[in-house]
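Note on naming: letters A, B, ... go to the chains in the order of the sequence lines (proteins, then strands), and numbering restarts at 1 for each one.
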Amino acid sequence: MRDRSLQLLDWYDVHARSMPWRVPPAERKAGALPDPYGVWLSEVMLQQTTVAAVRDYWRKFMGIWPTVADLAAAEDADVMAAWAGLGYYARARNLLKCARAVVADHGGVFPSDRATLLTLPGIGPYTASAVAAIAFDAPETVLDGNVERVMARLYDVHTPLPAAKPELMALAEALTPRERPGDYAQAVMDLGATICTPKSPACGICPWRDGCAGRIAGTATGLPRKTPKKAVPVRRGIAYVARRADGAWLLETRADKGLLGGMLGFPGSDWSDDPQPAPPMLADWQVLDATARHTFTHFHLELTILWAVVAEDAVPERGHFVGHDTYSPASLPTVMRKVHDLVADSLPIR
DNA sequence: TAACCGTGGCC
DNA sequence: TGGCCAAGGTT
């Protein structure tokens, strides 16, 4: 078993992917470790999110808030705006909570042990192990989607996810070496991301091909098995886009919890089978001849757009006007940016 | 425990 | 083109 993990480390020494938050294996072997703050930030951003999508966001955040103390001192709205487009916005809210907890409860120094990391907001079983292993070289085992797939194939596990998680975790733990656990964690995930991929695994060039039970049995490509998901329903809603005569846009900060929590958006109705109109102010609302469509994790949304131009002294019942000079569609979640894009060209105001 | 929670790329 | 998928956490 030990030999098998060392084989993977040899492979990683040659094939490690380069990432801005990562310290290459040659430097880690010489004793260098990455900044725990940067590792934690990358791991939170990478939750259910591709490396390609994270790269630029990570650089942006590290540029604006280079230390955990800087992030802890940031304005909530600035962090939410910077996170806009990356999705799963509870991560951004928990990111701030976590940064402030590290400053308030841990002297601004990231804890190095898994158990303490687990007590922090937004850090669950995977992220706690990942930060401990990658930032501190602690002998922890990471179990993410990559590792689940690699283990299911390596040991030909047919139990469907998520029921198979404890079994896959036990297999992954048994394989974790005492030497270079941080590199090993990154190596298994790199293997899953580049060789042992979901659809067409490149078994021919896999460092673990010889002992892979799934490859030998011919079952690898179909693993891991997963319990079927249920179909996603369609919900509908109404979005109201009000422009003031001076060009200002009517926006609303959404409630802190739930879908798009804490994000900026256009006021609107509920999203349901039968949405009830809920205009944010009295105005001559016009129906836009275009529907905004967007798919969330668990439902499709079709948004009818109503727009209006209102006087400069108009006072909304909900939301607040944002001046044309400070308004930035990039700071909106994607569904709201779609609404913006559809309506922007049609309005009689620039 | 299972539902909730985004987005963009891929085939 | 639409379902699948990605370095999951919270409730």
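- Between A:R93 and the phosphate of C:dG9, there is no side-chain N or O to OP1/OP2 separation shorter than 4.0 Å.
- For A:I195 and C:dA7, the CD1 to P distance is 14 Å, given to the nearest whole Å.
- Taking the side chain as every heavy atom from C-beta outward, A:V39 and A:W21 never approach each other to under 4.5 Å.
- Rounded to an integer number of Å, the gap from CZ of A:F296 to P of C:dG3 is 17 Å.
- One atom, CD of A:Q48, and another, C1' of C:dG8, lie 5 Å apart when rounded to the nearest Å.
- A salt bridge links A:R28 with A:D137; the closest basic N to acidic carboxylate O contact falls under 4.0 Å.
- Ranked by how close their nearest DNA chain C nucleotide is to the 5' end, A:N94 and A:P198 are led by A:P198.
- A gap of 23 Å separates the P atoms of B:dA3 and C:dA7, to the nearest Å.
- In this structure, A:W271 places its CH2 atom 10 Å from P of B:dC5, rounding to the nearest Å.
- Across all strands, A:W21 comes closer than 4.0 Å to base atoms (heavy-atom distances).
- In this model, the phosphate group of B:dG9 is not approached by any side-chain N or O of A:T50 to a distance below 4.0 Å at OP1 or OP2.
- Checked by distance alone, A:R149 brings no side-chain donor or acceptor within 3.5 Å of a matching partner on the base of C:dA6.
- Among the nucleotides C:dG9, B:dC5, C:dA7, the one closest to the side chain of A:Y88 is B:dC5.
- Ring-plane geometry between A:F296 and A:F299 is classed as tilted, the angle between the planes lying from 30 to 60 degrees on a 0 to 90 degree scale.
- Contact annotation for A:L260: backbone-only contact, meaning every heavy-atom pair under 4.0 Å involves sugar-phosphate atoms and none involves a base.
- A:P162 comes within 4.0 angstrom of nothing in the nucleic acid, heavy atoms only.
- Nucleic acid contact for A:T49: base, since at least one base atom lies under 4.0 Å from a heavy atom of the residue.
- For B:dT7, the OP1/OP2 oxygens have a side-chain nitrogen or oxygen of A:H294 closer than 4.0 Å.
- Within the structure, every side-chain polar atom (N or O) of A:T295 is placed at least 4.0 Å from both OP1 and OP2 of B:dG6.
- Taking atom NZ of residue A:K226 and atom C1' of nucleotide B:dA2, one finds them 16 Å apart after rounding to whole Å.
- With a 6.0 Å cutoff to the six-membered ring centre and a 45° limit on the axis angle, A:R243 counts as a cation-pi contact of A:W249.
- Cation-pi contact between A:R254 and A:W271: present, with separation from the ring centre below 6.0 Å and deviation from the ring axis of at most 45°.
- Side-chain atoms of A:Y155 do not come within 3.5 Å of backbone N or O of A:L168 as any donor-acceptor pair.
- Contact annotation: A:Q47 does not reach the phosphate of C:dG8 (side-chain N/O to OP1 or OP2, under 4.0 Å).
- Contact between the side-chain N/O atoms of A:H298 and the OP1/OP2 oxygens of B:dC5 is found at a separation under 4.0 Å.
- Atoms CE (A:M336) and P (B:dG6) sit 11 Å apart, rounded to a whole Å.
- Nearer to the 5' terminus of DNA chain B, by closest-nucleotide assignment, is the contact made by A:G85 (compared with the other of A:K199 and A:G85).
- For A:R337, a side-chain nitrogen or oxygen approaches OP1 or OP2 of B:dG8 to under 4.0 Å.
- Atom OH in A:Y126 sits roughly 9 Å away from atom P in C:dA7 (whole-Å rounding).
- At least one side-chain nitrogen or oxygen of A:Y89 sits closer than 4.0 Å to the OP1 or OP2 atom of B:dT7.
- Atom P of nucleotide C:dA6 and atom CG of A:D144 are separated by 9 Å, given to the nearest angstrom.
- Each of A:K230 and A:A53 lies near DNA chain B, and the nucleotide nearest A:K230 is the one positioned closer to the 5' end.
- Distances from the side chain of A:H300 to the nucleotides C:dA7, C:dG3, C:dC5 place C:dG3 closest.
- Between A:V102 and A:Y37 the shortest side-chain heavy-atom distance does not fall below 4.5 Å.
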